[in-house]
There are 2 protein chains.
Amino acid sequence: MDGHDTCGHHGHGPAAHGPARTAELVARAERLAQDLGLQFTALRRRTLEVVAEEGRPLGAYDIAERLSAPGKRVAAVSVYRALDFLTEHGLVHRIASRNAFVPCEHGHGAGESAVFLICRSCGSVDETISAEIERSLDRTLAQAGFKPASRIVEIEGECGTCQGRQEAG
Amino acid sequence: MDGHDTCGHHGHGPAAHGPARTAELVARAERLAQDLGLQFTALRRRTLEVVAEEGRPLGAYDIAERLSAPGKRVAAVSVYRALDFLTEHGLVHRIASRNAFVPCEHGHGAGESAVFLICRSCGSVDETISAEIERSLDRTLAQAGFKPASRIVEIEGECGTCQGRQEAG
DNA sequence: GCCTTGCCTGTTACAGTGTAACGATCGGCG
DNA sequence: CGCCGATCGTTACACTGTAACAGGCAAGGC
């Protein structure tokens with residue numbers, strides 16, 4: 001179940017996960033809470049940190065386990081509530097096809113749409129944004145008279161790194 | 001006026017798709033089984049029929065219940081196996097965001113991609129295909145060096161029918 | 001100070017979703 | 001006949017998610 005976490009983030013963006021990304025996300029959350037008068041509690045911060053540092057989709061129960069200490073167990077239901085908050089404000093994304101969560105790798109708000117590239121070999125998830133895809137989606141939706149509220153675009157396949165690894169042997 | 005084929009019917013109520021659609025799907029399944037030497041068993045056919053006649057996404061356990069009779073209970077696990085077969089061959093689709101299944105409304109194979117428009121008000125699912133979206137997706141994937149295997153595009157929102165109803169009421 | 005209010009969290013219990021494992025059955029084939 | 005492969009029934013179990021209720025804690029009004 002544990003994989004090669006060095007896979008992911010192809011050309012589009014700098015940096016992967018790790019402490020830098022985590023600090024950036026936490027800072028964004030604090031700013032957001034400040035501005036909107038929301039509470040960025042310890043549980044929510046720790047949940048965000050766990051998700052941000054993993055580098056692959058984490059289930060709610062996995063997060064709960066990581067947040068638990070030998071005398072202080074964190075129940076999954078608490079994690080779900082924290083995740084509700086985080087997803088609502090665009091700090092983490094839910095991967096519907098995996099029932100798992102990943103940190104938001106872009107600064108976009110919760111309303112915008114992202115494309116998730118999920119590697120079947122290493123389990124990494126790469127988040128990209130394409131104005132072209134959004135435009136064509138918007139056109140199709142308008143044509144169908146459909147008013148979108150949220151969009152899920154998840155592509156499963158093999159990432160560049162794993163393709164190279166397979167060819168190499 | 002294409003790009004959005006005959007999917008203007010936003011099903012409300014139990015009998016949105018109707019026997020015609022069902023018969024067409026069953027016929028396609030039989031042809032497919034004939035050609036590929038597969039077994040289109042009674043369970044698989046009945047599962048397909050139930051899904052095709054519902055007009056909205058059905059969970060595996062709902063299907064099991066509909067297939068069960070007062071002396072002959074069908075377990076969910078059997079339904080899952082039938083659904084595996086049906087999805088593998090493009091006869092039904094899985095809606096990841098709902099953990100539910102809908103009949104395939106197009107003749108496309110399992111490998112192609114579809115866009116699902118899921119109405120939050122009436123629960124109907126409309127399946128459309130857009131070459132434009134596929135093109136832009138392909139471009140983005142190629143740019144990222146990602147080799148796609150399956151694609152999930154699910155838009156939640158409000159269908160045209162429900163928008164009109166809300167304004168009127 | 002005290003009380004109320006609202007939000008967050010802990011806890012329990014439970015519903016819904018999906019899979020593993022094993023055995024039985026059936027049809028085809030040497 | 002026995003073997004083989006695929007399907008299906010059954011049980012058991014793991015994983016995912018939510019409902020309901022109680023306690024804590026900060027903010028604001030009396």
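Below, chains carry the letters A, B, ... as their sequence lines are ordered, and counting in each starts from 1. Bear in mind that the values here come from a model prediction, so they are computed numbers and not experimental data.
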Output the rounded distance in Å from [atom1] ([X]) to [atom2] ([N]).
X	N	atom1	atom2	value
A:Gln39	C:dT9	CD	C1'	11 Å
B:Glu65	C:dT17	CD	P	12 Å
A:Leu43	D:dG24	CG	C1'	14 Å
B:Arg98	C:dG16	CZ	C1'	15 Å
A:Arg46	C:dT9	CZ	C1'	12 Å
B:Leu38	C:dG27	CG	C1'	16 Å
B:Asp84	D:dT7	CG	P	11 Å
A:Leu58	D:dC15	CG	P	14 Å

Query - For A:Glu134 against A:Arg151, the heavy-atom pair lying closest together - result: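 The pair with the smallest heavy-atom distance is O-NH1, 4.1 Å.
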
Query raised in the report: How do B:Ala75 and B:Asn99 order along DNA chain D: which one's closest nucleotide is nearer the 5' end?
Result: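 Taking each residue's closest nucleotide, the earlier one in sequence belongs to B:Ala75.
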
[N], OP1 or OP2 - any side-chain N/O from [X] closer than 4.0 Å?
X	N	value
A:Ser78	C:dG10	yes
A:Tyr80	D:dG17	yes
B:Arg44	D:dC8	yes

Once you apply a heavy-atom cut-off of 4.0 Å, does [X] come out as touching a base, just sugar-phosphate, or nothing?
X	value
B:Val77	base
B:Arg94	sugar-phosphate
B:Arg81	base

Requested in this report: Answer yes or no: is there a side-chain heavy-atom contact under 4.5 Å between B:Tyr80 and B:Phe85?
Outcome: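 When only atoms from C-beta onward are counted, B:Phe85 and B:Tyr80 do not touch, as no gap falls below 4.5 Å.
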
Query raised in the report: Counting only heavy atoms not in B:Glu156, do more than 12 sit closer than 6.0 Å to its CD atom?
Result: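 Above 12, so yes.
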
Report task. Take B:Phe116 and B:His93 through the test ring pair (Phe, Tyr, Trp, His ring centres under 6.0 Å) and record every step on the way to the result. Result -> CA-CA 10 Å; B:Phe116 297 101; B:His93 294 293; 5.1 Å; yes

Report task. Would you kindly say whether B:Ser97 and B:Glu154 are connected by a side-chain donor-acceptor distance under 3.5 Å? Result ->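 Looking only at side-chain atoms, B:Glu154 and B:Ser97 do form a donor-acceptor pair, the distance falling under 3.5 Å.
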
